[in-house]
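Read the structure below first, then the notes.
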Amino acid sequence: MKPLYTFFVFCLFWQGLSAQDLTSQSYQLIKTRNEVQYKNYYLLTLFQQLPELRKMLNTDTAFSNLYKSKTAQVNEAVKTCKTDISCYAKALKFNNEEIAHIGNRLALLYTENNALGNLVKNHLIPSGCYAMFAKEQHKTLLIKAWEQDAHAVNYAIGVYVEGNKPNYPKIDSISFSLTDKAFAELTSASALLALQGNTKLFFEPAMLFALEALELNERREAADYEPMAKGINLAAINQIKKTDWKKYPYSVILVPGAGPEEKDVALSAGGMIRCRLAALQYQKGMAPFIVVSGGRVHPYKTKFSEAYEMKKFLIEVLQISESAIIMEPHARHTTTNLRNCARLMFRYGMPLDKPGLACTVKSQSYNITNLLPERCKKELGYYPYKNGKRLSDTESEFYLNTTSLQIDFDEPLDP
């Protein structure tokens with residue numbers, strides 16, 4: 001189980017506050033062309049992208065020595081590991097001593113007014129990406145954010161290079177056999193590539209190796225349809241700016257996805273029914289937007305996105321305007337349907353104190369109100385929503401929690 005967020009933060013969010021001292025809806029994420037990177041490793045992305053900070057880390061003797069040591073380990077691995085996959089992984093991953101040493105060095109360099117202090121105040125806190133550490137002292141928050149990103153890198157390498165069991169093996173497992181000599185050759189080449197280009201910061205070889213592992217396994221689902229704000233959700237975002245929220249009892253109608261198990265079926269019967277239920281509530285004026293949520297999940301490595309296919313059905317069959325539909329194409333479970341809905345509402349500037357309406361078939365609807373909160377607590381470490389009133393067997397209210405912005409380090413396909 002992941003650590004629970006503090007009781008203080010729990011109470012704050014359930015009072016319906018947006019916690020502007022902890023997160024800011026005006027904050028714009030610093031993004032790179034590699035969406036998988038900044039979604040999984042936001043602190044490491046900031047280390048790269050903020051010039052003053054990059055210079056500090058690049059010129060620090062301790063970090064330079066760490067980079068040289070890691071480079072030597074990787075070059076030695078390429079010479080000696082041959083077909084031993086775990087040998088490459090060991091050379092690239094951060095070991096416990098390295099994680100502790102780097103954390104201690106960051107703590108030693110940190111001051112409130114230098115590049116690291118500005119990083120915490122201007123990025124880590126307002127972004128919400130490390131919201132579970134929001135109550136910590138700034139220096140401690142920085143260290144915990146580093147530890148989270150290091151463990152996230154290690155996790156991706158563990159699953160997609162070493163073949164470790166992911167949280168959901170049926171849909172998220174490695175694509176290769178560990179005894180395949182071709183995979184060993186690819187892994188060796190990836191290790192070398194992790195040292196190429198402009199890689200000089202201490203963490204870059206390991207991070208690049210993790211990203212290459214995800215790419216080789218064709219597991220870049222975290223990047224699906226990005227940048228969404230400039231593409232699939234642009235019409236809805238433009239409509240959000242013109243919406244009179246006082247006219248509606250609910251902010252959104254959330255439709256959790258239902259993936260078909262057949263490879264050639266784009267949208268399941270369950271997905272169609274959920275869309276029809278949501279369309280009825282939309283036509284009643286219950287909310288100005290429908291959020292369709294679900295990624296490329298079932299069956300293993302399907303090419304069909306639940307959210308995309310539901311949006312297509314709503315537009316083409318049910319005649320719902322594209323400007324009224326928000327796509328959330330990354331959730332892989334019901335827990336993250338609710339969490340990711342909260343994230344989009346926050347990032348798109350939607351009101352957080354107005355309840356949403358979960359609209360789905362009876363069995364899942366009662367699961368959302370009765371069983372899912374504790375599953376979320378177990379798997380995510382917090383409750384991404386609070387139940388409101390039940391309206392019917394297929395509709396129930398929910399209130400979202402902005403701690404949902406917290407990056408999930410052990411779900412690289414939807415962090």
Sub-3.5 Å donor-acceptor pair from the side chain of His123 to the main-chain atoms of Asn118, do we have one?
no
May I ask you to say whether Glu218 pairs ionically with Lys301, meaning some side-chain N is under 4.0 Å from a carboxylate O?
yes
Taking salt bridge (Lys or Arg N to Asp or Glu O under 4.0 Å) as the test, write out the residues that go with Glu226, two or more places apart.
Lys39
Give every residue pair that meets the ring pair (Phe, Tyr, Trp, His ring centres under 6.0 Å) criterion with at least one member in residues 31-60, sequence neighbours excluded.
Phe47-Phe203
Under 6.0 Å between ring centres: does that hold for Trp146 and Tyr130?
no
Atom of Phe313, atom of Cys275 and distance for their closest heavy-atom approach
CD2-CB, 3.7 Å
Quick one: do Gln364 and Thr360 satisfy side chain to side chain donor-acceptor pair (under 3.5 Å)? Show the steps, please.
CA-CA 6 Å; Gln364 188 180 44; Thr360 184; 2.6 Å; yes
Measure from the side-chain N and O atoms of Glu162 to the backbone N and O of Ser86, and report whether any donor-acceptor pair falls under 3.5 Å.
no
Assert yes or no for the condition that the ring centre distance of Tyr308 to Tyr225 is strictly below 6.0 Å.
yes
Could you verify whether a donor N or O on one side chain and an acceptor N or O on the other, from Asn113 and Thr111, lie under 3.5 Å apart?
no
Consider only side-chain N and O atoms of Tyr348 and Asn233, and report whether a donor and an acceptor are under 3.5 Å apart.
yes
Looking at Lys311 and Glu322, is there a salt bridge between them, counting it only when a charged N and a carboxylate O are closer than 4.0 Å?
yes
Among residues at least two apart in sequence or on other chains, which ones pass salt bridge (Lys or Arg N to Asp or Glu O under 4.0 Å) with Lys121?
none
Quick one: side chains of residues 181-196, donor-acceptor pairs under 3.5 Å with protein atoms, not counting sequence neighbours, listed by atom name and distance.
from: Thr187; atom 1: OG1; to: Phe183; atom 2: O; distance (Å): 2.8
from: Ser190; atom 1: OG; to: Leu186; atom 2: O; distance (Å): 3.0
from: Gln196; atom 1: NE2; to: Leu192; atom 2: O; distance (Å): 3.1

Decide, yes or no, whether a salt bridge links Glu395 with Arg390 under the criterion of side-chain N to carboxylate O below 4.0 Å.
no
Any chance the side chains of Asn167 and Glu379 put a donor and an acceptor closer than 3.5 Å?
no
Restricting to salt bridge (Lys or Arg N to Asp or Glu O under 4.0 Å), what partner residues turn up for Arg54, sequence neighbours left out?
Glu204
Set of salt bridge (Lys or Arg N to Asp or Glu O under 4.0 Å) partners for Lys144, sequence neighbours left out
none
Ring centroids only, cut at 6.0 angstrom: are Tyr67 and Phe202 within range, meaning strictly under it?
no
Using the side chain to side chain donor-acceptor pair (under 3.5 Å) rule, take Thr32 and Asn34 through it: C-alpha gap first, then chi angles, then the decisive distance, then the call.
CA-CA 5 Å; Thr32 66; Asn34 189 331; 5.5 Å; no
